[in-house]
Amino acid sequence: MTPHGQAGAPAGAAPVLLEARQLTKHYHVHGRRRSRPGSRLAVHAVERVSLALPADGVTAVVGESGSGKSTLARMLARLVPPTSGQILLDGREVPASAKGRREYTRDVQMVLQDPFSSLNPVHDVRYHLTRPLIVHGTAPRGSLDEAIADLLTRVALTPPAGFIDKYPHELSGGQRQRVAIARALAARPRILLADEPVSMLDVSIRLGVLNLLADLRSQNHLAILYITHDIASARYLADTIMVMYAGQRVEYGPAARVTDEPAHPYTSLLLNAAPDPGRAGPPVLAARGAPPSLVSPPSGCRFHPRCPHAMAVCAERVPPEIEVSAGHASACWLHATGLTAAESRPLAGRAGDLVSSRAAPDQGKET
Ligand code: SF4
């Protein structure tokens, strides 16, 4: 059993560049929902999440909308301050000074989800790439055009002369996202935070952008955080997958292990919901309902109102993160030993949903 929220980087792996330790983000609710003066209603967007991004590796964070994955990326990009927890770059906390923040921003760049709004429609590609080259001082004097051409070549927008003077509206969605990635690369980052980089693109061009990220990882030894709701693309691109539910990390491990042998019922739900060309009928989802309110999240395991395997203990106590195989951990009471008969009885009113109260998590994969 590992402490809940421990980063869990595998031994012998590449050095960790960026690390989050027990990151928490609460947004306090203002206005009408703040019922009484002094009341402290808060959205518990992220709770005690830890993560390690190794050099030359892709780590995917997977979850539904509202799972906290984008908030996590924004904290790592230092766009929003964490409520508590630490962010370490090369094992050290980032100095609060302007210089420290500037150096952090150069090392850690973010690619946003929407390539249609992340580029300014009144400026051409040259402008979008010139600014970061100048701001971060990463182009030698007098060779801006060469540096821009190099960036465009790295994101496979070739020949560069065919793109450098184009405006965003003259580019396809995939080409815009490539310009956004080139803009991030202009700072010569070591870490790329990609927040749903393909979710707004046509299916036919998603693969090209995913392959570009894979090439950049191997050619530039980048550490990439890939945020997605699509667990199939996470398996395709990532070495490691972290699954988040309602602001918490619920499963973590090697991508193939997490997707082949899911150890948390929520991961099974995501896998069942993923498109599968080999499946004849519609997916059969074991879990019911929708993600909970993060203002007053469920007690115990936050997934228990939806979980087909929920037991009495699940509604009362937060499950610890339990290692199910090397480097693969799940925060689920199904893997705990020593539960009493009372703790492991099916949750009241849930017996009709259950196959077995102690069924293996991937029994949720009904076909
Ligand atoms: Fe949560 Fe319990 Fe279901 Fe595991 S079995 S996911 S702890 S509700």
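Computed from a predicted model, the values in this text were never measured in an experiment. Excluded from the calculations below are hydrogen atoms, water molecules and symmetry mates; all remaining heavy atoms, backbone and side chain alike, are included.
Under the 4.5 Å side-chain heavy-atom criterion for ILVMFWY residues, no single connected hydrophobic cluster contains both Val324 and Leu269. Taking hydrophobic clusters as Ile, Leu, Val, Met, Phe, Trp and Tyr residues chained together by side-chain heavy-atom distances below 4.5 Å, Tyr104 shares a cluster with Leu51.
For the pair Tyr226 and Pro197, the minimum side-chain heavy-atom distance is below 4.5 Å. Side chains of Ser70 and Ile227 form a contact here, defined as non-hydrogen atoms less than 4.5 Å apart. Leu213 has its side chain within reach of Leu192: a pair of non-hydrogen atoms, C-beta onward, lies under 4.5 Å apart.
Geometrically, Arg249 engages Tyr252 in a cation-pi contact, judged by NZ or CZ lying under 6.0 Å from the ring centre and within 45° of the ring axis.
For the residue pair Ala186 and Thr138, the shortest heavy atom distance occurs at O-OG1, 2.6 Å.
Applying the side chain to side chain donor-acceptor pair (under 3.5 Å) test to every pair with at least one member in residues 159-170, sequence neighbours left out, gives these pairs: Arg126-Asp165.
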Atom pairs and distances, donor-acceptor, side-chain atoms in residues 153-161, under 3.5 Å, two or more places apart:
residue, atom, partner, partner atom, Å
Thr153, OG1, Ala149, O, 2.7
Arg154, NH2, Asn220, OD1, 2.9

Open item on the list: Between Gln86 and Glu93, does the side-chain hydrogen bond (donor to acceptor under 3.5 Å, both in side chains) criterion hold? Intermediate values first, please.
Closed with: CA-CA 7 Å; Gln86 288 179 298; Glu93 280 208 79; 3.1 Å; yes

- [ ] Show the numbers, then the answer: is there a side-chain hydrogen bond (donor to acceptor under 3.5 Å, both in side chains) between Thr259 and Arg235?
- [x] CA-CA 7 Å; Thr259 49; Arg235 179 187 164 111; 2.8 Å; yes

Open item on the list: Could you walk me through whether Asn211 and Tyr236 satisfy the side-chain hydrogen bond (donor to acceptor under 3.5 Å, both in side chains) test, starting with their C-alpha distance in whole Å, then the side-chain angles of each, then the deciding distance to 0.1 Å, before giving a yes or no?
Closed with: CA-CA 9 Å; Asn211 286 337; Tyr236 178 76; 2.6 Å; yes

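For the side chain to side chain contact (heavy atoms under 4.5 Å, CB included) with Glu251, the qualifying choice from Val62, Ile241, Val243 is Val243, the only one to do so.
Under a cut-off of 6.0 angstrom, the local environment of CZ in Arg206 is crowded, with over 12 non-hydrogen atoms contributed by other residues, nucleotides or ligands.
Taking the six-membered ring where tryptophan is involved, the planes of His264 and Tyr266 are perpendicular, since the angle between them exceeds 60° and thus also 30°. In this pair, His44 and His26 present their aromatic rings tilted. The plane angle is within the 30 to 60° band.
At a cut-off of 3.5 Å, with distance as the only test, a side-chain donor of Glu196 or His229 sits close to an acceptor on the other residue.
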